[in-house]
Amino acid sequence: MNKGLLSVDEALATLLAQARAVPDVEEVPALEATGRVLARPQRSTMDVPPMDNSAMDGYAIRLSDLSGGMKLKVNQKILAGSVGRPLQAGTAARIFTGAPIPAGADAVVMQELTEAQGDEVTIKQVPAKGEWIRYVGSDVKRGGEILAAGKRLQPQDTGLAASVGLKTLPVYRRVRLGLFFTGDELVMPGEPLPPGRIYNSNRFTLRGLAEAFDCELRDYGIVPDSLDATRKVLRKAASECDVVVTSGGVSVGDADYVKPAVEAEGSLLMWKIAMKPGRPLAFGSIGKSFFIGLPGNPVSSFVTFLIFVRPFLLKTQGLSRTEPKSIAARADFDWPEPDARREFLRVKWNGQGGLDLYPTQDSAVLTSTAWADGLVDNPAKHAIRKGDMVTFLPYSELYR
Ligand code: AMP
Ligand code: MG
């Protein structure tokens with residue numbers, strides 16, 4: 001540990017120890033459940049498929065009939081959605097994909113391996129027993145778990161739920177996330193930019209992140225650098241939200257009112273974190289609401305959101321897994337002078353299956369985050385040489 005700085009892991013552990021899944025569960029139509037977090041495991045009350053059925057367009061036959069010759073009489077046609085009659089000895093049933101296998105049949109011959117003449121069919125190749133039959137329960141067994149609790153439902157998950165006939169699913173209610181942005185210098189795009197002012201880019205980045213994580217967003221806008229204004233917004237946001245995230249004002253400069261405001265309204269932990277970018281981080285609570293104050297610097301607020309707010313939010317949303325999946329990837333760059341703090345370097349896949357480094361890793365360069373495909377999680381004081389394997393956190397993993 002270096003001079004009074006807290007490690008990323010210690011800070012994260014403290015945050016996560018406080019996070020709890022929201023207490024409310026709601027039953028929503030499965031048709032609208034994609035992206036929500038499943039609150040209870042789901043079991044199937046049926047077998048899928050519910051009956052043996054054909055995997056091909058062709059003929060359902062009884063193998064033992066072929067010992068008497070390869071020509072069979074066709075006396076029924078079974079389409080998907082209908083049920084045929086039991087197969088009589090010496091006959092074949094014309095059958096289509098998804099149609100139930102008639103009683104007595106033990107294989108399907110695909111139509112490409114047959115020749116039809118009138119009401120007869122010649123089988124050109126003897127199939128194996130069970131060929132092209134999808135057996136009852138071969139996808140899902142009755143009573144088996146199909147979806148675990150604590151999972152964000154993907155499109156294929158709600159499809160799976162529907163395949164066993166589930167019409168609604170129990171999900172955690174959406175987390176109400178409040179955002180506000182401190183700084184007298186901030187101006188919204190569309191307004192003129194007076195001297196000394198800058199555009200409020202964090203509003204766009206953090207709002208986008210809140211939406212990417214399926215939060216119910218409350219945006220309280222720009223808050224001037226004053227203790228009263230900060231306390232007032234904080235009080236309102238805390239009364240309406242589960243989690244309040246802010247940008248700026250968490251340093252200890254003259255215009256940094258977030259710390260005293262949270263201390264006045266609730267309780268606060270202030271940390272200097274041993275990471276680059278993104279040093280100051282504030283964590284506290286106001287009533288039932290949690291508070292996370294991110295640095296104002298746009299690269300820092302983006303990275304600290306992904307490293308701290310993301311797992312905190314996921315746990316509050318009820319997700320059982322909060323760490324992002326990392327990938328071991330090849331660095332196609334040198335990083336000879338590492339920092340004494342853990343670094344999150346902006347990198348991008350190249351066409352050779354390795355990672356390139358954005359040339360400036362300065363934390364004021366927001367372009368680096370837009371250019372990148374993700375972050376290399378580089379341990380403190382760890383030099384990287386071209387060809388080394390590094391820990392890569394792709395945005396695709398950080399954004400879920
Ligand atoms: P602060 O943490 O308030 O000291 O801000 C650190 C740096 O980030 C300063 O250069 C601010 O001007 C800048 N900054 C603060 N908030 C924002 C924002 N919402 N959008 C863009 N830059 C910001
Ligand atoms: Mg400020």
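Counting starts at 1 for both ligands and their atoms, in listed order.
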Tabulated below should be the N or O atoms of ligand 1 paired with protein N or O atoms at under 3.5 Å; can you produce that?
residue	atom	partner	partner atom	Å
ligand 1	2 (O)	Gly296	N	3.0
ligand 1	3 (O)	Gly249	N	2.9
ligand 1	8 (O)	Gly296	O	3.3
ligand 1	8 (O)	Asn297	N	3.0
ligand 1	12 (O)	Glu185	OE2	2.6
ligand 1	14 (N)	Gly296	O	3.3
ligand 1	19 (N)	Asn200	OD1	2.7
ligand 1	19 (N)	Asn202	ND2	3.4
ligand 1	20 (N)	Ser201	N	3.2
ligand 1	20 (N)	Asn202	N	3.3

Open item on the list: For Arg62, is there an ion pair with Asp65 - N to carboxylate O distance below 4.0 angstrom?
Closed with: yes
TODO: Give me the ring orientation class for Phe312 and Phe290: parallel if the planes are under 30° apart, tilted from 30 to 60°, perpendicular past 60°.
DONE: perpendicular
Task: Centroid-centroid under 6.0 Å between Phe302 and Tyr395 rings - done: yes
Open item on the list: I'd like to know whether Asp219 forms a salt bridge (Lys or Arg N to Asp or Glu O under 4.0 Å) with Arg207, so could you lay out the CA-CA distance, the side-chain angles of the two residues, the decisive distance to 0.1 Å, and finally the verdict.
Closed with: CA-CA 8 Å; Asp219 181 349; Arg207 260 181 90 131; 2.8 Å; yes
- [ ] Mark yes or no for whether Tyr135, through its side chain, and Pro49, through its backbone, hold a donor-acceptor pair below 3.5 Å.
- [x] no
TODO: Tell me, please, whether Phe213 has Arg310 positioned over its six-membered ring: NZ or CZ under 6.0 Å from the ring centre and within 45 degrees of its axis?
DONE: no
